[in-house]
Amino acid sequence: MPSAHMFNALKVMTFVLALGAVGGSAMAAIDAQDAVKARVDHFKTMGRAFKTIRDGMGNPALDNKMIAAQATIIRDTSAGVVSWFPAGSGPSASVKSDAKPEVWSDAAGFAKAAQKLQTESAKLVTVANAGDADAIRAQVRATGGTCKGCHDTYRVPDKD
Amino acid sequence: MKAELKPTAVWDLPVRLFHWLLVALILVAWLSAGKSMTVHSLAGYSVIALVVFRLWWGLVGSSTARFSSFVRGPRAILSYLRHMGERTPGQSPGHNPVGAISVLALLALVLIQTSTGLFSVDVDGLESGPLSAWVSFDMGRQFAHIHEFAFRILQVLVGVHIAAILYYAIWKRENLVGPMITGRRRFSSPVTSLGSVPVWRLIVGIAISLGLALAIARGFRV
């Protein structure tokens, strides 16, 4: 029969293990929440840049330099999309996120959607520098379409 | 039961058209939100035109249309509240002092709903409001959130409005829907009839409301 010492040691070990589990999951939650905040900031950066482009569409004469500059921001930022969604950073009891589970369960599809954003925003940089207004307008729509396309599948819609 | 006289006109045609068009357009805007933003914007601009018209008509329209005839102070409101529980229909034409509060609240909410939509920025970057270029991305996203929240409040107010109509129909035995469609109602003693309003006021009202809605839709660009 185990001695009193062993019972105490078992109690202490159990307590430490439980603390570790709780503490560990708390830290994971903190890390995941940080990841969510970081990617929301990145998406907002792209959103701001795209809004600047779209606001400029209202003018009959387009500002090609501005569009190229803003599109460059989008292109460069978009390179990191997949890396912003590490495993375990999805929505859970302790982490608020608008990412749908499909981001991870359909990782291949998500990567494709992210690639589309990179491709179209890179093309927008080129088209803006080339200067053809009709081509620029079309490519702006195409770039925005990649935002919508990815959101429709991988982002929880704002409540209706 | 008191004998009733023949029907008297209580709501003019512009008021009735405004009411039912607003109902239809709010439904259209609700159903099209996030699905067909072209339809949604059109519905929103139409609502703006309707509300601007109603504000004008509330100044120059027929007696029951005018805010001065039904927007009353605390004494009139309390006095009406004391009789509101009676199981008999009211006998004065137009909105009562308590109903007036509902009218103002609904108009205010609809104004908030439409104006926040004008400055809203959407998540996809494709469907922002016509005046969204006037504000920053972050502010536009704020407007979008308020636009959504305000609709929840509007839904509650509409629910209260419908509940009140049912209360009047069932408890007070007063049909409020019929007169808002036909414009006429029977009273037990004579009431002043509506009288006519000069047509120019209607024309000016339509011009102002359509003009403003069009300008807004174009983002005030020439």
Side-chain angles (χ1 to χ4, degrees), chain A residues 39-63 66-67 70-71 73-75 77-78 81 96-100 113 116-117 120-121 124 137-160, chain B residues 26-41 43-44 113 116-156 158 214-222:
Chain A
R39 64 186 179 228
V40 167
D41 285 343
H42 288 311
F43 279 117
K44 283 189 178 171
T45 299
M46 294 196 288
R48 277 183 208 106
F50 197 64
K51 180 179 187 296
T52 307
I53 295 173
R54 289 259 307 160
D55 291 349
M57 295 290 114
N59 299 323
L62 298 181
D63 182 351
M66 174 276 287
I67 298 172
Q70 296 301 316
I73 295 174
I74 300 173
R75 180 198 68 196
T77 311
S78 69
V81 168
K96 270 177 56 174
S97 165
D98 285 335
K100 281 186 167 170
K116 275 206 193 102
L117 172 60
E120 299 299 340
S121 55
L124 181 53
R137 287 183 192 277
Q139 189 53 31
V140 168
R141 268 193 301 278
T143 307
T146 68
C147 310
K148 179 171 169 54
C150 191
H151 288 157
D152 284 352
T153 316
Y154 300 101
R155 186 182 184 276
V156 175
D158 293 338
K159 286 165 285 295
D160 259 329
Chain B
I26 288 179
L27 270 169
V28 168
W30 180 6
L31 294 171
S32 59
K35 297 195 175 66
S36 171
M37 291 310 281
T38 317
V39 172
H40 187 76
S41 320
Q113 190 65 36
T116 51
L118 300 176
F119 298 95
S120 289
V121 170
D122 76 322
V123 180
D124 302 331
L126 289 171
E127 301 281 10
S128 301
L131 305 183
S132 60
W134 294 10
V135 298
S136 71
F137 173 82
D138 298 277
M139 178 100 298
R141 292 295 301 142
Q142 266 295 92
F143 272 110
H145 292 310
I146 299 172
H147 187 65
E148 230 178 286
F149 183 69
F151 188 62
R152 302 285 163 221
I153 303 179
L154 183 58
Q155 282 175 309
V156 171
V158 169
L214 269 165
I216 287 173
R218 297 210 175 107
F220 288 103
R221 277 187 284 265
V222 181

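In what follows, every chain begins at residue 1, and chains take the letters A, B, ... in the order their sequences are listed. Small disclaimer: the values here were computed from a predicted structure and weren't measured.
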Does the pair B:Gln113 and B:Ile26 meet the rule for a side chain to side chain contact (heavy atoms under 4.5 Å, CB included), with working shown?
CA-CA 10 Å; B:Gln113 190 65 36; B:Ile26 288 179; over 6 Å; no
Residues in residues 50-58 of chain A near chain B [non-hydrogen atoms, under 4.5 Å]
A:Phe50, A:Lys51, A:Arg54, A:Asp55, A:Gly58
Looking only at heavy atoms, what is the nearest atom pair of A:Ala99 and A:Arg39, with distance?
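Result for this residue pair: CB-NH2, 4.1 Å.
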State which residues pass side-chain contact (heavy atoms from CB on, under 4.5 Å) with A:Ser121; sequence neighbours excluded, sorted by chain then number.
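Per chain and number, A:Ser121 pairs via side-chain contact (heavy atoms from CB on, under 4.5 Å) with A:Ile74, A:Arg75, A:Ser78, A:Thr143.
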Can you sort out the partners of B:Ile146 under side-chain contact (heavy atoms from CB on, under 4.5 Å), two or more places apart, ordered by chain and number?
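B:Thr116.
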Interface moiety of A:Arg141 toward chain B, non-hydrogen atoms closer than 4.5 Å:
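Backbone only.
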Please, which pairs that meet salt bridge (charged side-chain N to carboxylate O under 4.0 Å, His left out) have at least one residue in residues 122-144 of chain B, sequence neighbours excluded?
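Sorted result for residues 122-144 of chain B: A:Arg48-B:Asp138, A:Asp158-B:Arg141.
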Is the NZ atom of A:Lys100 crowded by more than 12 outside heavy atoms at less than 6.0 Å?
yes
